[in-house]
Amino acid sequence: MQLEKMITEGANRASAEIDRVSTVEMCQIINNEDKTVPLAVERVLPEIAAAIDMITAQVNAGGRLIYTGAGTSGRLGVLDASECPPTYGVAPGIVVGVIAGGDRALQHAIEGAEDDRELGINDLKSLALNNHDVVVGIAASGRTPYVIAGLEYARKIGCRTIGISCNPGSDVSKTAELAITPVVGAEVVTGSSRMKAGTAQKLVLNMLSTGLMIKSGKVFGNLMVDVVATNEKLNARQVNIVKNATGCTEQQAEDALLACARHCKTAIIMLLKNLDATEARLRLEQHGGFIRRALEEE
């Protein structure tokens, strides 16, 4: 697809005079455009749901969720992946973010990296990609060679593939098995796809990883019950999670957490089923880590 024909590269009438207005008016124009992004994402909810089910099935079969992208898209994938272990207690290698140009590209533009098809393939090969994995290619334009080559390689070895872009009919959409295409329209600053397109991608990635975690038993009600306590704030959050889940006192929550090496799900089972830490952990394991299933056992 030629650059000038892409929706994300179009001129936005609403912001045509943005360099001449007051600061408040400038912010209002940007904010008004941002309001359209959730609506664009809403239109692709069926595709997002299908992607979550696909990802969950593959991860349950021993696979991984692997994001690949360049520039802003790659950074968003790395961000989403890096937040899963502390938030949900998932092993670091289960959700992986790969960015063209490597770690340096998180802070610096790497010349030519997004155009390097071989790099897109080799970065996935370095992960020992296998047919249990799901590869999610992220590219606002939908034309990034690094991402397209990675998706082609992933399909070749039997991976499930998902493409996230903001231009319908893009090469990324056509290459991936499942396309998620929130069409957000022209950017406030022409071609600056870190703005509306980036926000749309972030919203989609939030749903993919959060949906996977919910369907993997890492959320009870709306509580992140596998959160790992690595600082005082998260210790306090664990206490609040156990209190909210069980109706116990703060001291009871703290005592239960101390008894089970600060494992929220075990503490919740202990308090709701009046079990000791060993019994509660065993029951949880017998039900695949799902609190509701463990509670339903008589």
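Along the sequence shown, the residues carry numbers beginning at 1.
- With K273 contributing its side chain and L295 its backbone, the two residues share a donor-acceptor pair below 3.5 Å.
- Using modelled atom types, no side-chain atom of R117 and backbone atom of V147 make a donor-acceptor pair closer than 3.5 Å.
- A donor-acceptor pair under 3.5 Å is formed between the side chain of D133 and the backbone N or O of R64.
- Figure legend: cation-pi geometry between R292 and F290 absent, as NZ or CZ is not positioned both under 6.0 Å from the six-membered ring centre and within 45° of its axis.
- Closest of all the heavy-atom pairs between V172 and A139 is CG2-CB, 4.1 Å.
- No path of Ile, Leu, Val, Met, Phe, Trp and Tyr side chains, each step under 4.5 Å between heavy atoms, connects V184 with M195, placing them in separate hydrophobic clusters.
- Distance check: L76 CG to I99 CD1 gives 9.0 Å after rounding to the nearest 0.5 Å.
- In this structure, the side chains of V227 and Y88 stay at 4.5 Å or more apart for every pair of heavy atoms.
- Other residues, nucleotides and ligands place more than 12 heavy atoms under 6.0 Å from the CG atom of N231.
- Ion pair K215/D53 flagged as a salt bridge, since at least one NZ, NE, NH1 or NH2 atom sits closer than 4.0 Å to an Asp/Glu carboxylate oxygen.
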Step by step, work out the side-chain contact (heavy atoms from CB on, under 4.5 Å) result for N12 and T190. CA-CA 7 Å; N12 191 326; T190 305; 5.9 Å; no

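- For residues 250-261, the salt bridge (charged side-chain N to carboxylate O under 4.0 Å, His left out) pairs, not counting sequence neighbours, are E254-R262.
- Environment of CG in N274: sparse, with no more than 12 heavy atoms of neighbouring residues, nucleotides or ligands closer than 6.0 Å.
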Set out, in order, the CA-CA distance, both residues' side-chain angles and the distance that settles side-chain contact (heavy atoms from CB on, under 4.5 Å) for L223 and N244, then state yes or no. CA-CA 8 Å; L223 302 172; N244 289 335; 4.1 Å; yes

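- In this structure, T144 and S141 have side chains that are in contact, with non-hydrogen atoms separated by less than 4.5 Å.
- Each of L79 and I138 belongs to its own hydrophobic cluster when Ile, Leu, Val, Met, Phe, Trp and Tyr are linked at side-chain heavy-atom distances under 4.5 angstrom.
- Judged by distance alone, with hydrogens and angles left aside, the side-chain atoms of S216 form no donor-acceptor pair with the main-chain N or O of K218 at under 3.5 Å.
- Between R194 and E187 there is no salt bridge, since no side-chain nitrogen of the basic residue lies less than 4.0 Å from a carboxylate oxygen of the acidic one.
- Within a 6.0 Å radius of CD in E42, other residues, nucleotides and ligands contribute 12 heavy atoms or fewer.
- Taken together through direct or relayed side-chain contacts under 4.5 Å among Ile, Leu, Val, Met, Phe, Trp and Tyr, V225 and L212 form part of one hydrophobic cluster.
- Annotation: side chain of I148 is in contact with side chain of E152 (closest heavy-atom distance under 4.5 Å).
- Taking 4.0 Å as the cut-off between side-chain N and carboxylate O, E17 and R20 count as a salt-bridged pair.
- With no hydrogens or angles considered, no side-chain donor-acceptor pair links D115 and Y146 at under 3.5 Å.
- The shortest non-hydrogen separation linking A253 to K243 is CB-CG, 3.9 Å.
- We find that D171 and R143 are not joined by a salt bridge, their nearest charged nitrogen and carboxylate oxygen being 4.0 Å or further apart.
- Residues M207 and L45 form a side-chain contact, since some pair of their non-hydrogen atoms from C-beta on lies under 4.5 Å apart.
- Formation of a donor-acceptor pair under 3.5 Å by the Q58 side chain with backbone atoms of H132 is found in this model.
- Within the 4.5 Å cutoff, the side chain of V95 has heavy atoms near those of the M213 side chain.
- A salt bridge links R160 to E177: one of the charged nitrogens lies within less than 4.0 Å of a carboxylate oxygen.
- A 4.5 Å side-chain heavy-atom check between I162 and V134 finds at least one atom pair inside the cut-off.
- For the pair V37/P182, no side-chain contact is recorded, criterion being any heavy-atom separation below 4.5 Å from C-beta on.
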Could you walk me through whether T199 and V41 pass the side-chain contact (heavy atoms from CB on, under 4.5 Å) check? CA-CA 10 Å; T199 301; V41 172; over 6 Å; no

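- The side-chain heavy atoms of L234 and R237, taken from C-beta on, include a pair separated by under 4.5 Å.
- A continuous path of hydrophobic side-chain contacts links M54 to V90 [ILVMFWY only; heavy atoms under 4.5 Å].
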Derivation and outcome, side-chain contact (heavy atoms from CB on, under 4.5 Å), residues T68 and V136: CA-CA 6 Å; T68 180; V136 179; over 6 Å; no

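- At a threshold of 4.5 Å between side-chain heavy atoms, the hydrophobic network of Ile, Leu, Val, Met, Phe, Trp and Tyr places Y153 and I164 in two separate groups.
- E33 and S15 are not linked by any side-chain donor-acceptor pair at a separation below 3.5 angstrom, with hydrogens and angles left out of the test.
- Under the 4.0 Å criterion applied to side-chain N and carboxylate O atoms, D226 and K265 are assigned as salt-bridge partners.
- No option in I268, L272, T266, V219 other than I268 meets the side chain to side chain contact (heavy atoms under 4.5 Å, CB included) test with I291.
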